[in-house]
Trainee: 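Take this structure, written in structure tokens, and hold onto it; I'll ask about it next.
When a residue number appears, it is its place in the shown sequence, counting from 1.
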Amino acid sequence: MVLSYVQQHGQIRRAEIMGLCHLSEGQAKDLLKRMQGSELLRLEGAGRGAFYRMGERGQKRMKTDEEHPIVATRER
């Protein structure tokens with residue numbers, strides 16, 4: 001969900017993640033720290049002006065998802 005948002009909008013702020021994912025501030029901080037550590041997102045700026053853009057692994061992951069989309073099927 002977060003990577004899709006960044007792909008569509010180019011960046012995301014912690015407050016947007018809190019609203020989008022219904023997380024507390026602490027939970028959003030933890031999620032962002034893990035996503036940065038995994039190179040899915042990268043931090044730009046500092047303080048109130050900080051935001052996150054797609055990291056190297058995030059770009060690769062989104063490209064792979066575009067090449068191999070999940071197709072939902074319904075059983076009969």
Side-chain angles (χ1 to χ4, degrees):
M1 184 181 310
V2 173
L3 293 179
S4 294
Y5 184 96
V6 175
Q7 185 179 33
Q8 291 176 356
H9 300 278
Q11 66 184 38
I12 194 165
R13 296 181 186 278
R14 185 175 63 225
E16 292 170 320
I17 290 175
M18 291 168 60
L20 184 66
C21 301
H22 306 285
L23 299 174
S24 69
E25 184 175 356
Q27 290 170 323
K29 284 180 182 180
D30 290 342
L31 175 61
L32 287 165
K33 191 179 293 187
R34 288 193 313 269
M35 293 184 82
Q36 275 186 272
S38 299
E39 297 181 359
L40 295 171
L41 293 178
R42 71 177 194 274
L43 174 63
E44 295 195 10
R48 294 181 58 85
F51 59 91
Y52 296 83
R53 291 197 188 266
M54 196 76 71
E56 186 175 330
R57 287 189 63 208
Q59 291 172 356
K60 289 179 184 176
R61 184 172 182 171
M62 294 308 290
K63 184 176 179 180
T64 300
D65 288 351
E66 289 173 358
E67 293 171 354
H68 305 287
I70 298 171
V71 178
T73 59
R74 187 176 80 169
E75 291 185 29
R76 295 182 184 218

Trainee: Give, for atom CG of Asp30 and atom OG of Ser24, the distance between the pair rounded to the nearest 0.5 Å.
Mentor: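 Atom-to-atom, Asp30:CG and Ser24:OG are 8.0 Å apart.
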Trainee: Can you see which heavy atom on Ala28 is nearest to which on Ile17, and at what distance?
Mentor: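 So the minimum-distance heavy-atom pair works out to CB-CG2, 4.3 Å.
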Trainee: Shared ILVMFWY cluster between Phe51 and Val2, side chains joined below 4.5 angstrom?
Mentor: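 Different hydrophobic clusters.
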Trainee: Using a 3.5 Å distance criterion without hydrogens, assess whether the side chain of Arg42 forms a donor-acceptor pair with backbone atoms of Gln36.
Mentor: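 Absent.
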Trainee: Closest approach of Arg13 and Ala50, non-hydrogen atoms and distance?
Mentor: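 For Arg13 versus Ala50, the nearest heavy atoms are NH1-O, 3.0 Å.
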Trainee: With hydrophobic residues grouped by side-chain heavy-atom distances under 4.5 Å, do Met1 and Met18 end up in a single group?
Mentor: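 Result: no, two separate clusters.
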Trainee: Heavy atoms, side chains only, cut-off 4.5 Å: are Tyr5 and Leu20 in contact?
Mentor: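 Contact flag for Tyr5/Leu20 side chains = yes.
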Trainee: Contact between Ser38 and Arg57 at the side-chain level, heavy atoms closer than 4.5 Å - yes or no?
Mentor: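 Ser38 reaches Arg57 side chain to side chain.
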Trainee: Would you say that Leu43 contacts Arg53 through its side chain, given a criterion of any heavy-atom pair below 4.5 Å between the two side chains?
Mentor: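 Contact flag for Leu43/Arg53 side chains = no.
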Trainee: About how many Å separate CE of Met54 and NZ of Lys60, when rounded to the nearest 0.5 Å?
Mentor: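 Atom-to-atom, Lys60:NZ and Met54:CE are 13.5 Å apart.
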Trainee: Check whether any side-chain heavy atom of Cys21 sits under 4.5 Å from a side-chain heavy atom of Gln27, and report yes or no.
Mentor: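 No, side chains not in contact.
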Trainee: So, are Glu16 and Arg14 salt-bridged, with charged N and O less than 4.0 Å apart?
Mentor: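 Arg14 and Glu16: not salt-bridged.
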Trainee: Kindly say whether Leu40 contributes a backbone atom to a donor-acceptor pair with the side chain of Arg61 at under 3.5 angstrom?
Mentor: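 Answer holds: no.
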Trainee: Enter the distance from Leu41:CG to Gln59:CD here, rounded to the nearest 0.5 Å.
Mentor: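 Here the interatomic distance stands at 10.5 Å.
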Trainee: Restricting to non-hydrogen atoms, name the atom on Leu32 and the atom on Tyr52 that form the minimum distance, rounded to 0.1 Å.
Mentor: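 Smallest interatomic distance, heavy atoms only, reads CD1-CE1, 3.5 Å.
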